[in-house]
2 protein chains.
Amino acid sequence: MSGHKPSPLAVDIRRVAAEAGVSIATVSRVLNNPSRVSPQTRERVLEIATRLGYRPNPNGKRLRKGRAETIGLVIPSPPGRFADSFFLELLAGLGEGLSDAGLDLLVATCPPGTEELGCYRRLVEGKRVDGLVVARTRRYDERIAYLLAQNIPFVSHGRSDLISTPYPYLDVDGQQGFYMATQHLLHLGHRNIAFIGAPRELNFATHRLAGYRQAMLEAGIPIRPEWLLEGDLSENSGYQLAQILLAPPEMPTAILCANDLMALGVLRALRERGLKGGREVSVIGYDDIPQAQYTDPPLSTVHQPFRDTGKRLVEMLLARLGGAPVSALQEVWVPELVLRGSDGPPQP
Amino acid sequence: MSGHKPSPLAVDIRRVAAEAGVSIATVSRVLNNPSRVSPQTRERVLEIATRLGYRPNPNGKRLRKGRAETIGLVIPSPPGRFADSFFLELLAGLGEGLSDAGLDLLVATCPPGTEELGCYRRLVEGKRVDGLVVARTRRYDERIAYLLAQNIPFVSHGRSDLISTPYPYLDVDGQQGFYMATQHLLHLGHRNIAFIGAPRELNFATHRLAGYRQAMLEAGIPIRPEWLLEGDLSENSGYQLAQILLAPPEMPTAILCANDLMALGVLRALRERGLKGGREVSVIGYDDIPQAQYTDPPLSTVHQPFRDTGKRLVEMLLARLGGAPVSALQEVWVPELVLRGSDGPPQP
DNA sequence: GTACGTGATGTAAACGTTTTCCATACCTTA
DNA sequence: TAAGGTATGGAAAACGTTTACATCACGTAC
């Protein structure tokens, strides 16, 4: 019992050619290299092709061209998937540009126990993709090292510090972002500013921390080690760490969080203690996730334009596939500090 | 300036055959139909194939077999993308089963302005996928109608009411879920239960509403029209509608929300008015998104096993591709009511 | 001893494109 | 008018598989 039969009359290039009274070569040329064929026949073939609803079979094309006409994105295994909206926005941005270029987007999620690199191997060594987008870069990123070694085109969202060979990336400058955020708090008069960071192996963790450090250093304010914590980017983690920070004897007057989710947790902890974010304690997050507008108080944060990022990443990858040199494909964007209600001058 | 060169020595089936001293047909058989070849040669070929790291070129295979070896998922355009974690969990579940089966997952996101059906057309008429997963079904779902008409295998997450031809689906019974939730509230003594629903065209909206209606009917409690609202599933929408419900003269003692995000909004509205969820007003959501555990109070809700759903959807789709009859591929799961802190007996 | 099934392998065709090479006809130019 | 360039289109090879069919050797049954 066969579940489905293939479409009754597959209309292939032969059919179009026959109908138009030309060779298949001509039909192919009309579609891929229109200038190589006379206007009259071009029109005729085109008309017939659309009338018949002809769509070149992608597999034939791919085989002949030796390309997959597909780019890949590997989504890390979900235990540790803390940024849902990030990936979906990115996906949306990627998809948009790709379908315009006639490319497909292959998404692989590596199963929980699996080595992430294995997913990449499968995709590139199995010739399933022409290029890749690498997200959530780590400080030393073996994925990037691997792709460089294989000499396969890719672009990375975020840099990887400890890799010497240049490669294309698009990064939003987390250092700058948190430099601005910290400076803002300093200008408001804060001196006791705590920092809840991200896991060290993630590259942006280092950058955001560096921004905080730089601002504090410039202001001549020493950083208390007990106010320098590291969370796992989950809401709950922010909540837990806030408990530590808010315990006596001395509380910070402001808390900087490496992402919004943790900031949400901090706000929850404040609320439970009857403290109001933005009054007793200022809180600033990073990412500007959708919920950030609706917290109580609305969360001040550093905005990342994920969607635009995705779109640009596609452009860069396309350029790379087209042979553009790496040096032209390294961008660092400056993020924007979005002040809502969760920051304010310190209580006297 | 070419961005990258293809791998220096592509190892194809010919190479393996030559190395093993057999014909390419034999190599192919070893990989696809091992019983057709003698144990000795099978071993030898296998050994050589792995030593050389041979991977059949997917495009050759796909062309010959006339299949895409890919299944598709269309993610709706993000304005209106209210369930981030839903799609990512689903993706994770799908991906897991698929890579085991050697299939790829093609994800298309239709650009904001675009007709969603167009994405489906592109995928199936362009022969880019062998099958599809349809998510977030609508009451009359043109996508399902289209796929049925095209006779292309698919499974749907959720049913579509107004389509007569049977098709494979996996649904979590929202009616049952909210029937249980409402009954629970009734048992607690609530009589004034409001309902914030989802947009009517979404199929689960109808189901969840029906569960509420059924329980109220059985209890002999008339439903007040002013307590029957419809939101857009966003957190903010829940917040706005709660303002209406909480306005004098008379407030409901419990509010049922068609999804957790809106329930979060309701909790926020309560908080702002100094009311405590679960004491003054009970709130129950639907979905059990990650944040639900961490709200204040923790949100009582109806749990949907998205990940398992994704895994099962793949199994069903595979079965369908293998020719299983539709009648064996229709499942309705019973969800689980998860009681946390946001429900309780009504205030006297 | 001939005929025949059977198991193992090879040959070659096909899948649907793109692209290289040729052939033809035309136009230009000396 | 001959020579050579240019525009146009066709024939055929190639991309890397899978699979229908042919071949061959061998054991078995009569």
Side-chain angles (χ1 to χ4, degrees), chain A residues 5-7 9-46 48-49 52-70 102-104 125-128 130, chain B residues 5-7 9-46 48-49 52-70 102-104 125-128 130:
Chain A
K5 50 177 186 292
S7 33
L9 313 163
V11 39
D12 62 353
I13 200 176
R14 249 172 285 271
R15 175 86 186 286
V16 179
E19 202 93 1
V22 297
S23 76
I24 62 170
T26 301
V27 177
S28 176
R29 276 192 280 254
V30 167
L31 269 50
N32 299 302
N33 200 356
S35 70
R36 272 288 325 264
V37 62
S38 84
Q40 305 95 295
T41 41
R42 191 195 311 158
E43 286 311 314
R44 184 158 39 97
V45 169
L46 226 43
I48 296 203
L52 263 47
Y54 169 63
R55 317 255 205 146
N57 181 309
N59 294 328
K61 173 182 277 198
R62 295 201 250 244
L63 176 58
R64 172 61 225 235
K65 293 228 195 183
R67 302 210 212 97
E69 307 217 282
T70 299
L103 297 185
D104 288 338
E125 286 165 35
K127 294 203 196 315
R128 302 182 117 72
D130 297 323
Chain B
K5 51 176 183 291
S7 33
L9 312 163
V11 39
D12 64 352
I13 199 175
R14 249 172 285 270
R15 176 86 186 287
V16 178
E19 202 93 3
V22 297
S23 74
I24 62 171
T26 301
V27 176
S28 176
R29 276 191 281 255
V30 167
L31 269 52
N32 299 303
N33 201 356
S35 69
R36 281 277 328 256
V37 62
S38 84
Q40 304 95 295
T41 41
R42 191 195 311 158
E43 287 310 313
R44 184 158 39 97
V45 170
L46 225 44
I48 296 203
L52 263 49
Y54 168 63
R55 315 254 207 149
N57 181 310
N59 294 329
K61 175 183 275 200
R62 294 200 250 245
L63 176 57
R64 172 62 224 233
K65 292 225 191 185
R67 302 210 211 96
E69 308 216 282
T70 299
L103 297 185
D104 288 338
E125 285 164 34
K127 294 204 196 315
R128 303 182 116 74
D130 298 322

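Chain identifiers are assigned alphabetically (A, B, ...) following the order of the sequence lines, protein sequences preceding nucleic acid strands; residue numbering begins at 1 within each chain.
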Could you report the tightest heavy-atom contact between B:Pro34 and B:Val30, atom names first, then the distance? CG-O, 3.5 Å
So, with a heavy-atom separation below 4.0 Å from DNA chain C, the residues of residues 56-70 of chain B are B:Leu63, B:Arg64
Test A:Asn59 against every option in B:Lys61, B:Lys65, B:Arg62 by the side-chain contact (heavy atoms from CB on, under 4.5 Å) rule and name the one that passes. B:Arg62
Below 4.0 angstrom, which residues in residues 31-45 of chain B have at least one non-hydrogen atom near DNA chain D? B:Asn32
Looking only at heavy atoms, which two atoms of B:Arg14 and B:Ile24 are closest? And how far apart? CA-CG2, 3.8 Å
A:Asp130 side, atom CG; A:Glu69 side, atom CD - distance, nearest 0.5 Å: 7.0 Å
If we ignore hydrogens and angles and just use 3.5 Å, is the side chain of A:Arg128 paired with the main-chain N or O of B:Pro58 as donor and acceptor? no
Separation between CG of A:Asn33 and CZ of A:Arg42, rounded to the nearest 0.5 Å: 10.0 Å
N/O (side chain, A:Thr26) to phosphate O (OP1/OP2, D:dG10) under 4.0 Å: yes
side-chain contact (heavy atoms from CB on, under 4.5 Å) with B:Tyr54: which of B:Ile48, B:Val45, B:Leu46, B:Leu31? B:Leu31
Please give me the minimum heavy-atom distance between A:Arg15 and A:Leu52, naming the atom from each residue. CG-CD2, 3.9 Å
State the CZ-OG1 distance between A:Arg29 and A:Thr26, to the nearest 0.5 angstrom. 5.0 Å
Judged by nearest nucleotide, the residue sitting upstream toward the 5' end of DNA chain C, B:Ala25 or A:Ile13, is B:Ala25
Go through DNA chain C in 5' to 3' direction and return only the first and the last nucleotide with some atom under 4.0 Å of chain A's heavy atoms. C:dG16 to C:dT20
If you count every heavy atom of other residues, nucleotides or ligands that lies below 6.0 Å from B:Arg67 atom CZ, does the total exceed 12? no
